[in-house]
Engineer: 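Dropping a structure here in structure tokens format, bear with me for questions.
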There are 2 protein chains.
Amino acid sequence: MPKKVDHDARRRQLTDAVCRLTLRGGLGSATFRQVAAEAGVSVRLVQYYFGSKQGMLDATQEHVGERSIERLMNWVEKTDGSARAVLGAFLKSFTPVDSESKMAALMYIALYTEGVVVAMGQPEANPTRKNEVDMMRQTVLEQLRRGPLAAGVDPEVEATLLTALMPGLGQYVLDGTMTAEVACATIDHHLDRLFAA
Amino acid sequence: MPKKVDHDARRRQLTDAVCRLTLRGGLGSATFRQVAAEAGVSVRLVQYYFGSKQGMLDATQEHVGERSIERLMNWVEKTDGSARAVLGAFLKSFTPVDSESKMAALMYIALYTEGVVVAMGQPEANPTRKNEVDMMRQTVLEQLRRGPLAAGVDPEVEATLLTALMPGLGQYVLDGTMTAEVACATIDHHLDRLFAA
DNA sequence: TCCGTTGTGGTACACATGTATCATGAAAAC
DNA sequence: GTTTTCATGATACATGTGTACCACAACGGA
């Protein structure tokens with residue numbers, strides 16, 4: 001095999017370009033030509049690595065997801081390990097605080113919007129999203145069950161509520177409706193109510 | 001002036017076509033030619049009524065917003081007028097239960113996604129969205145203040161939390177992650193906690 | 001040394017899109 | 001009845017898009 005080339009590094013370089021372009025100008029700006037120009041390579045190359053445009057978008061989505069998980073793990077490791085702290089770190093990792101997480105949240109919104117739309121016609125056609133959200137809810141549920149919870153708190157219902165709270169907070173921080181600090185404070189306030197002092 | 005024509009009716013006919021097309025196939029399907037074909041008119045006509053494509057999308061957004069408000073008013077009028085009931089009706093009106101509200105939620109997501117993206121670069125460039133969310137939060141806040149609230153409930157913080165909760169619930173119902181019943185039950189559960197029995 | 005596989009560039013093609021232009025019908029105003 | 005103004009139609013145009021095709025460079029194996 002000729003020409004030793006780190007395939008994964010190349011792919012990451014290209015998906016990074018996709019992210020930067022999407023950040024300014026929206027998903028519509030992520031065209032083959034623009035991506036090639038942004039990454040400083042030829043159109044043929046991005047075509048070579050992803051085959052089709054959908055392949056490019058899929059790879060980008062996957063790449064962003066991996067980085068989000070890494071970021072999440074870092075946040076969780078810095079806690080004292082209590083359910084309250086771990087859950088707070090977990091939820092706050094979905095709030096766009098720096099440029100990195102901003103990009104992640106934005107890519108999440110941009111990429112999944114189309115998915116939601118096309119999934120409307122044929123239900124059960126897009127199982128990836130459902131599984132992801134279920135996993136998120138499951139994680140929240142596990143931490144809630146570790147307790148100690150305040151009296152009368154139902155972990156199942158609260159897990160659903162917390163999971164549903166995240167997209168809205170992310171959106172509002174992104175578009176400037178509220179600051180990241182307010183979003184985090186809202187999370188903390190609610191967690192304080194759920195957990196026993 | 002010749003040829004009596006109900007301009008508003010025509011515009012509504014066209015924006016309805018935009019909605020139907022967006023429903024299946026996403027916003028990308030809402031092209032001049034497709035809209036014209038869906039509405040059974042010529043391309044020139046839709047061009048005549050909206051000028052540019054952005055004008056068409058803006059008009060659609062406005063149209064969807066008006067219908068959502070009408071629907072909301074209907075829901076609120078059916079309540080007993082208590083703060084708890086009005087707030088419940090208000091929040092549930094954002095949950096996509098039938099095809100009408102599904103379309104509204106989906107158009108909301110599809111149309112505002114681009115707005116969020118372009119607003120990232122220049123903050124304060126998209127005041128419409130912020131004002132809308134602020135108004136929603138203001139409405140929630142007013143109802144919360146009417147009480148009676150449970151002990152230790154801060155209306156300001158709870159208004160923020162409730163406002164942020166809506167987009168997520170809407171999304172999850174749309175993509176099939178949860179049913180509309182679960183979403184409404186989650187809202188009720190939380191409101192029961194906030195309001196004094 | 002030569003060869004074949006792999007990586008990369010340049011470019012052409014078919015197509016869809018937004019918009020502009022030209023043309024026509026239709027009805028009110030005079 | 002003529003004219004003017006509004007509403008609508010058909011179509012042309014420039015552009016940007018995804019993708020396919022052809023050519024070549026580079027490097028590992030024979």
Engineer: So, is A:Thr31 near the phosphate of D:dG16, with a side-chain N or O under 4.0 Å from OP1 or OP2?
Structural biologist: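 For D:dG16, neither OP1 nor OP2 has a side-chain N or O of A:Thr31 closer than 4.0 Å.
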Engineer: Nearest to the side chain of B:Gln47 - C:dT19, C:dG9, D:dT8?
Structural biologist: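 Of C:dT19, C:dG9, D:dT8, C:dT19 is nearest to the side chain of B:Gln47.
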Engineer: With no angle test and no hydrogens, is the base of C:dT21 tied to the side chain of B:Arg44 by a donor-acceptor pair under 3.5 Å?
Structural biologist: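 Side chain to base: pair present.
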Engineer: Expressed as a whole number of angstroms, how long is the span from B:Leu27:CG to C:dA16:C1'?
Structural biologist: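 In whole Å, C:dA16 C1' lies 17 Å from B:Leu27 CG.
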Engineer: Are any of the side-chain nitrogens in A:Glu158 or B:Arg193 under 4.0 Å away from the carboxylate oxygens of its partner?
Structural biologist: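 Counted as a salt bridge, because a side-chain N and a carboxylate O are separated by less than 4.0 Å.
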Engineer: To the nearest Å, give me how far apart CZ (A:Arg10) and P (C:dG7) are.
Structural biologist: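 Between P of C:dG7 and CZ of A:Arg10: 11 Å.
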Engineer: Between the side chains of A:Arg71 and A:Ser93, is a donor N or O closer than 3.5 angstrom to an acceptor N or O?
Structural biologist: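 No, A:Ser93 and A:Arg71 have no side-chain donor paired with an acceptor closer than 3.5 Å.
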Engineer: Quick one: does B:Arg33 reach the base of C:dG18 with a side-chain donor-acceptor pair under 3.5 Å?
Structural biologist: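 Yes, the side chain and the base share a sub-3.5 Å donor-acceptor pair.
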Engineer: Look at the side chain of B:Phe32 and decide which nucleotide, out of D:dT19, C:dT19, C:dT21, has an atom nearest to it.
Structural biologist: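 Of the options given, the side chain of B:Phe32 lies nearest C:dT19.
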Engineer: Test side chain to side chain donor-acceptor pair (under 3.5 Å) on B:Gln54 and B:Asp58 and set out the steps.
Structural biologist: CA-CA 6 Å; B:Gln54 190 56 46; B:Asp58 290 347; 3.0 Å; yes
Engineer: Using distance alone, with no hydrogens and no angle criterion, decide if B:Asp175 and B:Gln171 have a side-chain donor and acceptor under 3.5 Å apart.
Structural biologist: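 There is no such pair (donor and acceptor under 3.5 Å, judged by atom type) between the side chains of B:Asp175 and B:Gln171.
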Engineer: Between atom NZ in A:Lys53 and atom P in D:dG16, what is the gap in whole Å?
Structural biologist: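 Interatomic distance, NZ of A:Lys53 to P of D:dG16: 14 Å.
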Engineer: Looking only at side-chain atoms of B:Ser42, point me to the closest of D:dT19, D:dT8, C:dG18.
Structural biologist: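 Between D:dT19, D:dT8, C:dG18, the one nearest the side chain of B:Ser42 would be D:dT8.
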Engineer: For A:Gln34 and D:dT15, give me the distance from atom CD to atom C1', rounded to whole Å.
Structural biologist: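 Those two atoms, CD and C1', are 13 Å apart.
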Engineer: Is the distance from OP1 or OP2 of D:dT8 to the nearest side-chain N or O of B:Tyr49 less than 4.0 Å?
Structural biologist: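 Yes, such a contact exists.
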Engineer: Look at B:Tyr48 and D:dA7 and indicate whether a side-chain polar atom (N or O) is within less than 4.0 Å of OP1 or OP2.
Structural biologist: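 Checking B:Tyr48 against D:dA7: at least one side-chain N or O falls below 4.0 Å of OP1 or OP2.
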Engineer: Expressed as a whole number of angstroms, how long is the span from A:Leu57:CG to D:dT17:C1'?
Structural biologist: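 Between C1' of D:dT17 and CG of A:Leu57: 14 Å.
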Engineer: Only one of A:His63, A:Arg20, A:Arg10, A:Arg67 clears side chain to side chain donor-acceptor pair (under 3.5 Å) with A:Thr15; which?
Structural biologist: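 The passing option is A:His63.
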Engineer: Let me spell it out: for each of B:Leu45 and A:Ser29, pick the nucleotide of DNA chain D with the closest heavy atom. Which residue's pick is nearer the 5' end?
Structural biologist: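 Looking at the nearest nucleotide for each, B:Leu45 comes out on the 5' side.
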